[in-house]
Amino acid sequence: MTTTVTATAIPMLTDNYSWLLLEIATGTTGIVDPAEAAPAIAAIEAAGGKLDYIFITHHHGDHIDGIPELVARYHPKIIGNAADAHRLPKLDIAVREGDSVPFGNTQAQIFNTPGHTIGHIAYYFADAGILLPGDTLFSLGCGRLFEGSAADMFGAFQKFAPLPDATLICAGHEYTASNAKFALAQDPTNAALQARATEVTHLRAEGKHTLPVTLGQERATNPFIRAETAQAFASLRKAKDNF
Ligand code: ZN
Ligand code: FE
């Protein structure tokens, strides 16, 4: 893994993260799930004032509402799930699972990750070791099941299983502190989880982000990744809904 792409969190709304992507060799730029235009424009201008691509993980407003203004200003190419095109801004690059989307000298692989929504996808930059799971996987948690089943989301998680521990997870929300409470209630004797919860408390007290986090860290601490069966995953998700 080499640093071919950098991913920088841009806080939006109350707890969303959009991600600014820069492919270093060619200066290619992208933004993932811009909920709002103003903070996106500020970050893009600070990085050189150019936007080549917008990556969409799913159709919710807190992931796409900033797009029209960014399109009018920068004319980027919009990438999203072909199967969800009817409820997304107009796509320039409609993708499917297994596709690779060029991004400068590198590319993003597409995973279908249904559960939170049926048409949810994730982007994976293998050479950079960056995963953009949207609202599928959060630090110490996972997305709510608005459209798909627990079995769908468990299946999506299995697609992340082959990825290296060093993979950086650039998720769509800063939910880590509240997720930590549920995770600790499920797994109170997990020392790695206790250490992460303490770290998260300190980071948030200092106003710092808890993301990105490595997949290895999540494998040691996130109860949803640690669930071994679809049934275990489903009962955890149900317990979290009622927590
Ligand atoms: Zn969502
Ligand atoms: Fe969201």
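In listed order, ligands and their atoms are each counted from 1. These values consider heavy atoms only, across backbone and side chains, with no hydrogens, waters or symmetry-generated copies.
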If you stand at the Fe ion (ligand 2) and look out to OD2 of D135 and NE2 of H63, what angle do those two lines make, to 10°?
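Here the angle at the metal atom is close to 90°, to 10°.
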Give me the ring orientation class for F182 and F224: parallel if the planes are under 30° apart, tilted from 30 to 60°, perpendicular past 60°.
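If you compare the ring of F182 with that of F224, the planes turn out parallel.
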Should the ring pair H58 and H60 be called parallel, tilted or perpendicular, given that the plane angle runs from 0 to 90° and is split at 30 and 60?
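Perpendicular.
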So if I apply the ring pair (Phe, Tyr, Trp, His ring centres under 6.0 Å) rule between F138 and each of Y17, Y175, F157, which one comes out positive?
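Exactly one candidate clears the test, Y175.
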The Zn ion (ligand 1) to nearest N/O/S of H120 less than 2.8 Å:
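Here the distance criterion (N, O or S atom, under 2.8 Å) is not met by H120, so no.
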For the metal site, I want the angle between atom NE2 of H58 and atom OD2 of D135 with the Zn ion (ligand 1) at the apex, to 10°.
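Vertex at the Zn ion (ligand 1): approximately 90°.
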Compute whether any side-chain donor of one residue and acceptor of the other, for T57 and D33, lie under 3.5 angstrom apart.
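Short answer, yes.
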When you measure from the Fe ion (ligand 2) to the N, O or S atoms of H116, does any of those distances fall below 2.8 Å?
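No, since none of the N, O or S atoms of H116 sits under 2.8 Å from the Fe ion (ligand 2).
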With a cut-off of 2.8 Å, does H60 place any N/O/S atom under that distance from the Fe ion (ligand 2)?
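Of the N, O and S atoms in H60, none lies under 2.8 Å from the Fe ion (ligand 2), which means no.
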What's the atom name of the N, O or S in H60 nearest to the Zn ion (ligand 1)?
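Looking only at N, O and S atoms of H60, the one nearest the Zn ion (ligand 1) is named ND1.
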Taking the ring centre of each residue, are H63 and H173 less than 6.0 Å apart?
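Ring centres of H173 and H63 closer than 6.0 Å.
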Are V32 and L20 connected in a single hydrophobic cluster, I mean Ile/Leu/Val/Met/Phe/Trp/Tyr linked by side-chain heavy atoms less than 4.5 Å apart?
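Different hydrophobic clusters.
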Among the N/O/S atoms of D62, which is closest to the Fe ion (ligand 2)? Give the atom name.
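Restricting D62 to its N, O and S atoms, the minimum distance to the Fe ion (ligand 2) goes to OD2.
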